[in-house]
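Structure first, commentary second.
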Protein chains: 2
Amino acid sequence: MNPTVPSETGAPRNTKQRSAVSAVLAETEGFHSAQDLHAMLRDRGERVGLTTVYRTLQGLADAGEIDVMRPPGGEHLYRRCSQGHHHHLVCRSCGRTVEVAGPAVESWADKVAGQHGFVDVSHTMEIFGTCPECAAKS
Amino acid sequence: MNPTVPSETGAPRNTKQRSAVSAVLAETEGFHSAQDLHAMLRDRGERVGLTTVYRTLQGLADAGEIDVMRPPGGEHLYRRCSQGHHHHLVCRSCGRTVEVAGPAVESWADKVAGQHGFVDVSHTMEIFGTCPECAAKS
DNA sequence: GTCGATAATGACAATGATTGTCAAAAGCGC
DNA sequence: GCGCTTTTGACAATCATTGTCATTATCGAC
């Protein structure tokens with residue numbers, strides 16, 4: 001083939017940095033910002049540039065291996081999630097996150113989009129609330 | 001009463017700027033960024049500062065009079081919406097927006113959150129796709 | 001209508017996450 | 001091992017959004 005055209009079959013190279021980012025995501029719970037992850041990597045002694053963390057996270061997100069959430073706070077949060085499609089229930093006080101599956105929502109979104117002729121449909125959903133513990137405190 | 005304690009009953013003042021922002025929102029279709037709206041106001045000859053546009057939009061959003069969407073692009077988009085709760089179906093190519101109501105989704109979100117003990121529940125949902133016209137073009 | 005207290009405004013600077021750039025270094029196929 | 005190609009990483013640039021604070025307009029009472 002033509003080496004100057006990697007096309008879509010080009011598998012990403014296995015680098016230490018990519019592995020390190022994946023490892024941190026695999027061993028941590030909950031959502032973390034890119035800068036969080038960068039700090040964690042430094043604490044572990046891994047030398048990974050912040051730029052690389054961002055790019056690696058984007059790549060993983062594109063590959064569907066991690067999940068991205070954009071909370072009102074403004075930072076992107078990344079998390080290693082179960083592979084299947086699902087949604088998140090987030091405590092707006094302590095940040096605790098629960099994964100929830102909603103097949104009904106998936107089919108509803110597809111149906112509604114189809115009714116309007118839309119194709120190639122995706123959707124995002126986030127549920128915010130106050131978890132029992134935080135509610136008890138206040 | 002005690003003027004030094006506005007408490008929570010203090011209604012926002014009616015200023016020209018607030019009216020102007022509301023007017024633009026009322027007369028335009030679709031979502032617009034804060035900077036978009038600022039430009040529109042300038043074209044109309046209204047003298048409104050960008051800072052004020054941001055603050056007014058935040059206020060209107062808090063009051064539930066407008067809707068905020070945070071697309072992957074990064075900018076906040078604001079829109080005058082029907083008052084009731086609803087969701088949006090957005091064409092990721094041309095930006096065309098359709099309002100959709102989904103009572104099933106509302107109740108599902110509440111139910112799921114309740115099952116986990118969450119209270120004071122809200123949620124956001126956005127559906128992205130390619131509208132018929134854009135799909136035909138490509 | 002006028003006055004005074006108070007909140008809103010607006011120009012500008014500051015913030016801060018994310019992205020672009022490009023030389024240097026590493027990975028993969030042969 | 002070699003060479004090409006991708007990835008990395010330090011730094012700068014970008015850009016929306018927010019903070020600051022003196023000035024101004026609004027509201028409510030008189």
Side-chain angles (χ1 to χ4, degrees), chain A residues 1-24 31-42 44-63 65-66 68-79, chain B residues 1-24 31-42 44-63 65-66 68-79:
Chain A
M1 313 300 175
N2 193 338
T4 60
V5 178
S7 80
E8 330 235 322
T9 58
R13 293 183 177 174
N14 253 351
T15 63
K16 294 177 184 174
Q17 290 83 357
R18 187 172 295 262
S19 305
V21 172
S22 290
V24 171
F31 282 93
H32 298 282
S33 68
Q35 322 233 4
D36 259 2
L37 293 168
H38 179 232
M40 289 182 206
L41 286 166
R42 275 217 308 185
R44 284 170 164 234
E46 309 273 0
R47 292 223 145 260
V48 183
L50 180 57
T51 309
T52 302
V53 173
Y54 272 104
R55 271 188 301 227
T56 303
L57 289 171
Q58 280 182 4
L60 291 171
D62 278 350
E65 297 190 27
I66 60 173
V68 189
M69 192 175 59
R70 321 170 88 266
E75 296 170 299
H76 292 192
L77 299 182
Y78 302 88
R79 187 191 187 190
Chain B
M1 312 300 176
N2 193 338
T4 61
V5 178
S7 79
E8 328 233 326
T9 58
R13 292 184 177 173
N14 253 351
T15 64
K16 293 176 184 174
Q17 289 82 356
R18 188 172 297 260
S19 306
V21 172
S22 290
V24 171
F31 282 93
H32 297 282
S33 69
Q35 323 233 2
D36 259 2
L37 293 167
H38 179 233
M40 290 183 206
L41 286 166
R42 276 214 309 183
R44 284 172 164 233
E46 308 274 359
R47 292 223 145 258
V48 183
L50 180 56
T51 311
T52 303
V53 174
Y54 274 104
R55 270 187 302 226
T56 304
L57 288 171
Q58 280 180 4
L60 290 171
D62 278 349
E65 297 190 27
I66 61 173
V68 190
M69 192 174 61
R70 323 170 86 267
E75 295 171 299
H76 292 192
L77 299 183
Y78 302 88
R79 186 190 187 190

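Computed from a predicted model, the values in this text were never measured in an experiment. Here is the naming used below: chain letters follow the sequence lines, and residue numbers restart at 1 for every chain.
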Roughly how many Å is it from [atom1] in [X] to [atom2] in [N], rounded to a whole number?
X     : N      : atom1 : atom2 : result
A:D36 : C:dA17 : CG    : P     : 10 Å
B:L37 : D:dT17 : CG    : P     : 11 Å
A:L50 : D:dA13 : CG    : P     : 17 Å
B:E46 : C:dT9  : CD    : C1'   : 14 Å
A:D62 : C:dT19 : CG    : P     : 11 Å
B:E75 : C:dA17 : CD    : C1'   : 15 Å
A:H38 : D:dT8  : NE2   : C1'   : 12 Å
A:Y78 : C:dA17 : OH    : P     : 12 Å

Do the side-chain N or O atoms of [X] get closer than 4.0 angstrom to the phosphate oxygens (OP1, OP2) of [N]?
X     : N      : result
B:Q35 : D:dC15 : no
A:H76 : C:dA17 : no
B:T15 : D:dA25 : no
B:Q58 : D:dT18 : yes
B:Y54 : D:dT18 : no
A:S33 : C:dA17 : no

Identified side chain to side chain contact (heavy atoms under 4.5 Å, CB included) counterpart of A:H38 within the set A:T52, A:L50, A:V24: A:L50
What distance do [X] atom [atom1] and [Y] atom [atom2] have between them, rounded to the nearest 0.5 Å?
X     : Y     : atom1 : atom2 : answer
B:M69 : B:S33 : CE    : OG    : 11.0 Å
A:Q17 : A:R47 : CD    : CZ    : 11.5 Å
A:L77 : A:H32 : CG    : NE2   : 9.5 Å

Polar side-chain contact B:R55-C:dG10 base: donor and acceptor under 3.5 Å: yes
Any N/O donor-acceptor pair, B:T56 side-chain to C:dA8 base, under 3.5 Å: no
B:Q35 versus B:Y54, side-chain donor and acceptor atoms under 3.5 Å: yes
Nucleotide nearest A:T51 (side chain, heavy atoms from C-beta), chosen from D:dT18, C:dA17, C:dG20: C:dG20
